[in-house]
**Student:** 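Take a look at the following structure, please.
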Amino acid sequence: MPWIEELKDHIGKEVCLRGWVYNRRDSGKVRFVLLRDGTGILQCVFLRDEVSDSTFELADNLNQEALIEVTGEVREFDRAPGGIEMGAKTLRLIADSKDYPITPKEHGIDFLLSRRHLWLRSSRQHALIRCRDTMIRAFHCFFEKLGFILIDPPMITPTSCEGTSELFEVAYFDDVAYLSQSGQLYMEPAAAAFGKVYCLAPSFRAEKSKTRRHLTEFWNLEPEVAFLDLSGDMNLAEDMLTFVVKRLIEKRGEELELLGKGQENFEAHMKLLERLEPPFDRISYTEAVEFLEKKGVNFKWGEKFGADEEAVISEEFSKPVFVHRYPKKATPFYMKEDPDNPELVLNFDLLAPEGYGEIVGGSQREDDLAKLEAAIERCNLPREPLEWYLDMRRYGSFEHSGFGIGMERTLAWITGVHHIRETIPFPRLMDRIYP
RNA sequence: UCCUCGGUAGCUCAGCGGAAGAGCGGGUGGCUGUUAACCACUAGGUCGGGGGUUCGAAUCCCUCCCGGGGAGCCA
């Protein structure tokens, strides 16, 4: 039994297909049944004079998402969706579907998210999740080509990595543990062991964030490389993004097109993606602050950028822009102090254009034991849970850098989808853990 | 946590102090190939919960619950 996506090789032949009723239309002596099997949608045509009365009547009464089996001849037909249709001969109802809630009309987001398990069957969600699949494979492909080793970090951790974000607490026998909010601290020892490593794992953040850029559970890709400085880290990030965007345009053009329908800036957005090439612009935090002042934004050097500031900066550039060397007091403990200015650290954020915010955040890591110890103290972090981490600076301390990139934000930016909750099959949001 | 908008038919919404409405979906019938088909008829409601004001409340007020958008924080 072939899949619908394979039917171009079966034109003129009779096939038997199994699938769900996506939609149904009728006119006089014809019944059109749109059959969906997960790989595609096929129009099956039932003609009154060419099928039995019982088959015609069954075709006339099919419910949306009922599971059926159809046999018939595959043929080319210009006006059919996809250019192929089936002249159906027999029809069998395998499992009925009464009152399917998601009709081919408009629905609100609350309604759809509560039925996410069914919503995934619709064509837009289908396109998005296929893009996600292609994107994640592209990331793996990129790192494999460069000889990186995939290292899986633990999800249950004894302490916070950065001491900032809210953590999900879990009972761990007679103790408490936390769901990981980053694999980075584990990638550093892995880099000392294997040189070039990366992980792709969920990160959990118990922040009460209700915006289009936030999930409580998101997939975080984090490379870590020995003997790499900040500049090399940014090179790696831009090469990676360029590779992934090219792969997506090449393999998922149809899906991107479908997702772009109705988006006003879609043409411009696709041009931007097609022309994406290294190098991306790089400006320092200090230059960014000067730029904000020039734009009339009231902002004090030393503060973190808010959503408004990020938007003003990213609007100035047509592709993602690196902002590097932030003030030390606004950053986590593990970032390396700038040798040219002890008030700064060797880090960067990559801001996506069009309001999608920070999609990559990275840094060169502090490799000086004394400075790292001082930073832990400055951030008021407990020392004992980090002793193992300090060992990296005791036994052959090495220059190294890495970054984290959020899969959902990246996919939202590339596909032009407004809210990242659609970019993951089963989103976890502040007030939503079902289904 | 704060700001803001909302909750009326299965869905999307209109009505905003004086007899509960539309489109879609469901059902029935019609239509010689449809493209979110179309046409006709039809069923379908504790107007989020509770309290108050009023001769009269979906409509005004209070309160609670639920959801959307945003801020902070972050990927």
Side-chain angles (χ1 to χ4, degrees), chain A residues 22-34 41 43-50 59-61 63-64 75 77-83 85 87-88 98-115 122-124 161-167 181-184 200-222 237 261 303-311 330-332 349-352 355-362 403-413 418-421 423-424 429-432:
Chain A
Y22 190 68
N23 200 357
R24 201 167 52 79
R25 287 186 282 269
D26 42 59
S27 174
K29 295 177 182 170
V30 198
R31 297 294 176 265
F32 300 94
V33 175
L34 295 184
I41 291 177
Q43 169 166 292
C44 302
V45 185
F46 295 81
L47 288 165
R48 160 129 272 166
D49 300 335
E50 291 183 15
D60 201 24
N61 287 294
N63 289 313
Q64 195 186 350
R75 63 192 179 215
F77 187 75
D78 285 352
R79 289 162 67 200
E85 68 171 20
K98 290 245 161 64
D99 302 318
Y100 185 73
I102 302 179
T103 59
K105 297 287 172 181
E106 291 157 25
H107 299 284
I109 193 63
D110 179 36
F111 180 84
L112 289 170
L113 282 175
S114 296
R115 290 157 187 79
S122 67
S123 58
R124 181 185 153 85
C161 269
E162 313 187 5
T164 53
S165 303
E166 302 281 335
L167 297 165
Q181 59 171 340
S182 167
Q184 187 215 310
L200 177 58
S203 280
F204 304 91
R205 305 274 166 96
E207 291 153 358
K208 297 199 168 174
S209 303
K210 280 172 68 170
T211 81
R212 66 189 181 103
R213 301 185 307 278
H214 288 88
L215 299 168
T216 56
E217 180 183 73
F218 70 94
W219 285 74
N220 203 2
L221 189 148
E222 297 170 284
K261 259 184 214 163
E303 303 287 304
K304 297 177 187 179
F305 294 133
D308 288 348
E309 286 83 27
E310 283 190 359
T331 54
D349 280 350
L350 182 69
L351 306 181
Y356 288 93
E358 180 188 339
I359 56 176
V360 187
F403 59 79
I405 174 168
M407 294 294 97
E408 289 77 18
R409 280 192 189 175
T410 305
L411 184 60
W413 169 60
H418 183 255
H419 200 300
I420 67 169
R421 64 190 161 205
T423 62
I424 185 167
L429 299 154
M430 187 181 137
D431 284 315
R432 197 180 284 279

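Quick note on labels: first sequence line is chain A, next is B, and so on, each numbered from 1.
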**Student:** Please pick, from B:rG68, B:rA75, B:rA71, the nucleotide with the shortest atom-to-atom distance to any side-chain atom of A:His214.
**Tutor:**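 Taking heavy atoms from C-beta onward, the closest nucleotide is B:rA75.
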**Student:** Where the side chain of A:Glu106 is defined as all heavy atoms beyond and including C-beta, which of B:rG69, B:rA71, B:rU12 is the nearest nucleotide?
**Tutor:**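 Given the options B:rG69, B:rA71, B:rU12, the side chain of A:Glu106 is closest to B:rU12.
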**Student:** Please check if any side-chain donor atom of A:Thr423 sits under 3.5 Å from a side-chain acceptor atom of A:Arg409, or the reverse.
**Tutor:**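 On atom types as modelled, these side chains do not qualify, holding no pair under 3.5 Å.
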**Student:** Report yes or no: is there a donor-acceptor pair, N or O only, under 3.5 Å between the side chain of A:Arg432 and the base of B:rC66?
**Tutor:**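 Absent.
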**Student:** Quick one: A:Lys98 NZ to B:rG10 C1', roughly how many Å, whole number?
**Tutor:**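 Answer to the nearest Å: 16 Å.
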**Student:** Of the candidate nucleotides B:rA71, B:rA36, B:rG70, which contains the atom at the shortest distance from the side chain of A:Arg213?
**Tutor:**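 It is B:rA71.
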**Student:** Between B:rA75, B:rG72, B:rG70, which nucleotide gets closest to the side-chain atoms of A:Phe218?
**Tutor:**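 Of the options given, the side chain of A:Phe218 lies nearest B:rA75.
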**Student:** Under a 3.5 Å distance rule, please check whether A:Arg205 uses its side chain to pair with a backbone N or O of A:Gln181 as donor and acceptor.
**Tutor:**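 Side chain of A:Arg205 to backbone of A:Gln181, a donor-acceptor pair under 3.5 Å: yes, one is there.
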**Student:** Between B:rU1, B:rU12, B:rA75, which nucleotide has the shortest distance from any of its atoms to the side chain of A:Lys208?
**Tutor:**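 Comparing B:rU1, B:rU12, B:rA75 against the side chain of A:Lys208, the answer is B:rU1.
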**Student:** Measure from the side-chain heavy atoms of A:Lys304 and tell me the nearest of B:rU35, B:rC73, B:rA75.
**Tutor:**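 Minimum distance to the A:Lys304 side chain belongs to B:rC73.
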**Student:** Return the nucleotide paired to B:rG67: Watson-Crick means purine N1 to pyrimidine N3 with N6-O4 or O6-N4, wobble means G-U with N1-O2 and O6-N3, both under 3.5 Å.
**Tutor:**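 Answer to the pairing question: B:rC5, which forms a Watson-Crick or G-U pair with B:rG67.
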**Student:** For B:rU53, which nucleotide in any strand shown is its Watson-Crick or wobble partner with both distances under 3.5 Å?
**Tutor:**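 The base-pairing partner of B:rU53, which may sit in any strand shown, does not exist here.
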**Student:** I'd like to check A:Leu429 versus A:Leu215 (side-chain heavy atoms, cut-off strictly below 4.5 Å). Are they in contact?
**Tutor:**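 Of all side-chain heavy-atom pairs linking A:Leu215 with A:Leu429, at least one is under 4.5 Å.
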**Student:** Quick one about A:Gln64 and A:Thr103 (side-chain donor to acceptor, distance below 3.5 Å, no hydrogens or angles considered), yes or no?
**Tutor:**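 No pair is found: no donor N or O on one side chain lies under 3.5 Å from an acceptor on the other.
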**Student:** So, are A:Asp60 and A:Arg48 salt-bridged, with charged N and O less than 4.0 Å apart?
**Tutor:**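 No.
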**Student:** Assuming nearest nucleotide by heavy-atom distance, tell me which of A:Leu429 and A:Asn220 is located more 5' along RNA chain B.
**Tutor:**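 The answer here is A:Leu429.
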**Student:** Could you tell me whether A:Gly306 contacts a base, only the sugar-phosphate backbone, or nothing, with contacts defined as non-hydrogen atoms closer than 4.0 Å?
**Tutor:**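 Sugar-phosphate, no base atom in range.
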**Student:** Within the 4.0 Å heavy-atom criterion, would you say A:Ile405 contacts the bases, only the backbone, or no part of the nucleic acid?
**Tutor:**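 Here A:Ile405 touches no strand at all.
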**Student:** By the 4.0 Å heavy-atom rule, please label A:Asn23 as base, sugar-phosphate, or nothing.
**Tutor:**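 Touches sugar-phosphate only.
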**Student:** Could you list, one pair per line, each protein nitrogen or oxygen that sits under 3.5 Å from a nitrogen or oxygen of nucleotides 41-43 of chain B, together with the distance?
**Tutor:**
none

**Student:** Can you tell me the distance, in whole Å, between the CG atom of A:Leu112 and the C1' atom of B:rU12?
**Tutor:**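 After rounding, the reported distance stands at 11 Å.
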**Student:** Would you say the side chain of A:Thr211 and the base of B:rG69 hold a donor-acceptor pair, judged only by whether the two atoms sit under 3.5 Å apart?
**Tutor:**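 By the distance-only test, no, there is no pair.
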**Student:** Choosing from B:rG68, B:rU35, B:rC11, which nucleotide comes nearest the side chain of A:Arg25?
**Tutor:**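 Of the candidates, B:rU35 comes closest.
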**Student:** Could you give the CD-to-C1' distance, from A:Glu358 to B:rC74, as a whole number of Å?
**Tutor:**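 These atoms are roughly 7 Å apart.
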**Student:** Starting the side chain at C-beta, find the nucleotide from B:rG68, B:rA71, B:rA75 nearest to A:Arg205.
**Tutor:**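 Ranking B:rG68, B:rA71, B:rA75 by closest atom to the A:Arg205 side chain puts B:rA75 first.
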**Student:** Base, sugar-phosphate, or nothing for A:Leu215, non-hydrogen atoms under 4.0 angstrom?
**Tutor:**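 The residue A:Leu215 makes base contact.
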**Student:** May I ask you to say what A:Gln43 touches in the nucleic acid, namely base, sugar-phosphate or nothing, with a heavy-atom cut-off under 4.0 Å?
**Tutor:**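 Base contact.
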**Student:** Between protein and nucleotides 23-32 of chain B, map the contacts as a letter string: B base, S sugar-phosphate only, - none, heavy atoms under 4.0 Å, written 5' to 3'.
**Tutor:** -SS-----BS
**Student:** Report which part of the nucleic acid A:Arg75 touches: base, sugar-phosphate, or nothing (heavy-atom distance under 4.0 Å, all strands).
**Tutor:**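 Base, at least one base heavy atom under 4.0 Å.
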**Student:** Over all strands shown, is A:Glu217 touching base, sugar-phosphate only, or nothing at heavy-atom distances under 4.0 angstrom?
**Tutor:**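 Contact class for A:Glu217: none.
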**Student:** Starting at NZ of A:Lys210 and ending at C1' of B:rG6, how long is that distance when rounded to a whole Å?
**Tutor:**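 In whole Å, B:rG6 C1' and A:Lys210 NZ are 12 Å from each other.
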**Student:** Mind checking if A:Arg115 touches a base, just sugar-phosphate, or nothing, with heavy atoms under 4.0 Å?
**Tutor:**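 A:Arg115: no heavy atom of the nucleic acid under 4.0 Å.
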**Student:** Within this structure, what is the CG-to-P distance between A:Asp110 and B:rG48, rounded to whole angstrom?
**Tutor:**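 Atom-to-atom, A:Asp110 to B:rG48, this comes out as 15 Å.
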